[in-house]
J.: 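Before I ask anything, let me first share the structure, which is written out below as structure tokens.
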Amino acid sequence: MSGLLCRRRRKEAAVTDLQEEGKNAINAPMSPTPIDLHPEDTLLEENEERTMIDPNSKEETKFKELVKVLIDWINEVLVEERIIVKNLEEDLYDGQVLQKLLETLGSRKLNVAEVTQSEIGQKQKLQTVLEAVQELLRPQGWAIRWNVDSVHGKNLVAILHLLVALAMHFRAPIRLPEHVCVQVVVVKKREGLLQTAHVTEELTTTTEMMMGKFERDAFDTLFDHAPDKLSVVKKSLITFVNKHLNKLNLEVTELETQFADGVYLVLLMGLLEGYFVPLHNFYLTPEGFEQKVHNVAFSFELMQDGGLKKPKARPEDIVNLDLKSTLRVLYNLFTKYKHLD
């Protein structure tokens with residue numbers, strides 16, 4: 001019995017020593033910020049590697065905004081599933097939410113078990129979901145910076161890379177903060193010792209660069225290769241909107257700017273659908289960015305009520321005078337309502 005107790009104490013002491021070694025390695029002079037490690041983050045096999053976000057990076061405004069925007073987006077997409085995500089690492093690691101998200105966004109059903117409690121079952125589900133994601137993203141050349149182990153291991157950097165890619169692919173009507181970077185601590189065991197390094201991980205670039213990885217449409221081609229035809233399209237759309245806005249003694253001469261506050265979009269939808277839009281539902285004279293975004297988002301709701309699909313453009317892009325986004329929205333209206341008197 002005494003021998004058994006001695007062996008157990010030696011094992012416990014070894015685990016404690018290893019954890020202390022991990023903390024000492026992390027908090028060494030080469031690492032400017034002390035890191036509060038979970039015990040499992042220090043129990044590594046030879047050449048095994050773990051990564052974690054520097055706590056200071058988690059407190060940066062842009063990082064917090066990115067996480068919040070993505071959580072709000074997921075919850076909006078899955079509102080009919082009655083799924084509420086509060087924490088990306090804890091709520092997405094088992095593949096259940098990711099499965100529902102991909103099925104809803106892609107209008108497809110994945111061949112996976114609905115509920116999986118075991119780690120093996122969760123990883124099998126994740127494998128199926130992530131393979132489906134890779135099929136979607138492969139044609140755009142998007143770098144796959146996540147895998148089953150990193151997502152199931154609650155690696156927030158990997159999960160954020162995955163969600164940003166999905167948001168861009170499905171043209172989510174959200175505005176991701178640009179140039180979000182985090183400091184990542186990499187812990188690796190070599191020759192029995194833990195070694196650490198700090199690396200900068202880029203989570204987002206510019207919206208234009210990220211969107212450039214995905215499918216181009218007719219307006220991309222017009223802008224790049226046929227500016228003369230673009231002017232013809234703009235003229236046709238101006239004629240179309242004025243045909244209806246003139247009924248309210250309003251006139252559009254500049255598509256680039258006159259739809260940016262959302263007022264004309266809301267009024268136009270009322271004219272096209274034949275109803276009066278109550279003034280308390282939108283800002284007739286919006287002040288500031290948020291009120292303009294509210295107006296454009298409200299006009300998008302009216303478009304959906306009229307039977308149109310939710311615009312792939314983001315309200316923020318319209319407000320920021322993105323001509324291509326504005327043209328896409330107006331062209332959809334033109335396609336449906338061009339025969340109206």
J.: Using a 3.5 Å distance criterion without hydrogens, assess whether the side chain of Gln291 forms a donor-acceptor pair with backbone atoms of Glu287.
T.: yes
J.: For a quick test of reading the model, state the closest non-hydrogen atom pair linking Asp54 to Asn56 and the distance between them.
T.: OD1-N, 2.8 Å
J.: The test is side chain to side chain contact (heavy atoms under 4.5 Å, CB included); show your working for Phe289 and Asn320 and say whether it passes.
T.: CA-CA 9 Å; Phe289 185 78; Asn320 284 328; 3.4 Å; yes
J.: Out of curiosity, Leu308 CG to Lys336 NZ, how far, rounded to the nearest 0.5 Å?
T.: 5.0 Å
J.: Measuring only between side-chain heavy atoms, which start at C-beta, is Val277 closer than 4.5 Å to Met269?
T.: no
J.: Can Val241 be reached from Met303 by stepping across I, L, V, M, F, W or Y side chains whose heavy atoms are under 4.5 Å apart?
T.: yes
J.: Please report the interatomic distance CG(Leu176) to NZ(Lys62), rounded to the nearest 0.5 Å.
T.: 12.0 Å
J.: His244 vs Phe240 aromatic rings, parallel, tilted or perpendicular, using cut-offs 30° and 60°?
T.: perpendicular
J.: Going by heavy atoms in the side chains, are Ile159 and Leu98 under 4.5 Å from each other?
T.: no
J.: Please test Thr200 against Gln183 for side chain to side chain contact (heavy atoms under 4.5 Å, CB included), starting from the C-alpha separation and ending with a verdict.
T.: CA-CA 5 Å; Thr200 300; Gln183 288 293 314; 2.7 Å; yes
J.: Checking Glu178 against Thr205: is there a side-chain donor and acceptor pair closer than 3.5 Å?
T.: no
J.: Rounded to the nearest 0.5 Å, what separates atom CD in Glu201 from atom CG in Leu156?
T.: 11.0 Å
J.: For Leu130 versus Val151, what's the shortest heavy-atom pair and its separation?
T.: CD1-CG2, 4.4 Å
J.: Report yes if some heavy atom in the side chain of Ile84 is under 4.5 Å from a heavy atom in the side chain of Asp91; otherwise report no.
T.: no
J.: Just wondering, are more than 12 heavy atoms of other shown residues or ligands nearer than 6.0 Å to CD in Glu90?
T.: yes
J.: Could you go through the side-chain hydrogen bond (donor to acceptor under 3.5 Å, both in side chains) check for Asn147 and Ser150 one step at a time?
T.: CA-CA 5 Å; Asn147 56 40; Ser150 61; 3.1 Å; yes
J.: Quick check: do Val133 and His169 have side-chain heavy atoms less than 4.5 Å from each other?
T.: no
J.: Under the criterion side chain to side chain contact (heavy atoms under 4.5 Å, CB included), I'd like the reasoning laid out for Asn246 against Glu251: C-alpha separation, chi angles, the key distance, then a yes or no.
T.: CA-CA 6 Å; Asn246 285 166; Glu251 186 166 359; 4.0 Å; yes
J.: Please give me the minimum heavy-atom distance between Leu110 and Glu103, naming the atom from each residue.
T.: N-OE2, 2.9 Å
J.: Could I get the full list of side-chain hydrogen bond (donor to acceptor under 3.5 Å, both in side chains) partners for Asp72, not counting sequence neighbours?
T.: Lys68
J.: Same cluster or not: Leu105 versus Ile144, using hydrophobic residues (I, L, V, M, F, W, Y) connected whenever any side-chain heavy atoms lie under 4.5 Å apart?
T.: yes
J.: Which pairs pass ring pair (Phe, Tyr, Trp, His ring centres under 6.0 Å) with one or both residues in residues 64-94, sequence neighbours excluded?
T.: Tyr93-His152
J.: Roughly how far, to the nearest 0.5 Å, is the CG atom of Leu268 from the OH atom of Tyr337?
T.: 9.0 Å
J.: Determine the minimum heavy-atom distance between Trp146 and Ala165, stating which atoms define it.
T.: CH2-CB, 3.9 Å
J.: Leu250 and Phe276: same hydrophobic cluster, using ILVMFWY side-chain contacts below 4.5 Å?
T.: yes
J.: Identify the heavy atoms of Leu102 and Val129 that sit nearest to each other, and give their distance.
T.: CD2-O, 3.8 Å
J.: Are Thr51 and Asn155 close enough that a side-chain donor and a side-chain acceptor fall under 3.5 Å?
T.: yes
J.: Establish whether Leu327 and Leu321 are linked, either directly or via other cluster members, by ILVMFWY side-chain heavy-atom contacts under 4.5 Å.
T.: no
J.: Are Leu323 and Val232 co-members of a hydrophobic cluster defined by side-chain heavy atoms under 4.5 Å apart?
T.: no
J.: Any heavy-atom pair between the side chains of Ile318 and Phe300 that's under 4.5 Å?
T.: yes
J.: Does anything in residues 254-266 pair up under side chain to side chain donor-acceptor pair (under 3.5 Å), and if so which pairs, sequence neighbours excluded?
T.: Lys234-Glu256, Thr253-Gln258
J.: Might you point out which heavy atoms bring Arg145 and Glu202 nearest each other, and give the distance in Å?
T.: NH1-O, 3.9 Å
J.: Going by side-chain hydrogen bond (donor to acceptor under 3.5 Å, both in side chains), name the residues that satisfy it together with Thr104, two or more places apart in sequence or in a different chain.
T.: none
J.: Report the distance from atom OG1 of Thr326 to atom CZ of Phe259, rounding to the nearest 0.5 Å.
T.: 8.5 Å
J.: Count the heavy atoms belonging to other residues, nucleotides or ligands that lie under 6.0 Å from CG of Leu279, then report whether that count exceeds 12.
T.: yes
J.: Determine whether Ile83 and Lys100 make a side-chain contact, defined as any pair of heavy atoms from C-beta on separated by less than 4.5 Å.
T.: yes
J.: Taking C-beta and beyond as the side chain, do Asp149 and Lys123 meet within less than 4.5 Å on heavy atoms?
T.: yes
J.: Once side-chain hydrogen bond (donor to acceptor under 3.5 Å, both in side chains) is applied, do any residues pair with Lys235, and if so which ones, sequence neighbours excluded?
T.: none
J.: Does the side chain to side chain contact (heavy atoms under 4.5 Å, CB included) test come out yes or no for Asn295 and Leu265, once each step is laid out?
T.: CA-CA 8 Å; Asn295 282 354; Leu265 282 174; over 6 Å; no
J.: Say you draw a straight line from CZ of Phe282 to NE2 of His280; how long is it, rounded to the nearest 0.5 Å?
T.: 10.5 Å
J.: Gln122 versus Lys125: any side-chain heavy-atom pair under 4.5 Å?
T.: no
J.: Enumerate, atom names and distances included, each donor-acceptor pair closer than 3.5 Å involving a side-chain atom of residues 74-81, sequence neighbours excluded.
T.:
unit_1	atom_1	unit_2	atom_2	d
Asn75	OD1	Val85	N	2.6
Asn75	ND2	Ile71	O	3.4
Asn75	ND2	Val85	O	3.0
Glu76	OE2	Lys310	NZ	2.9

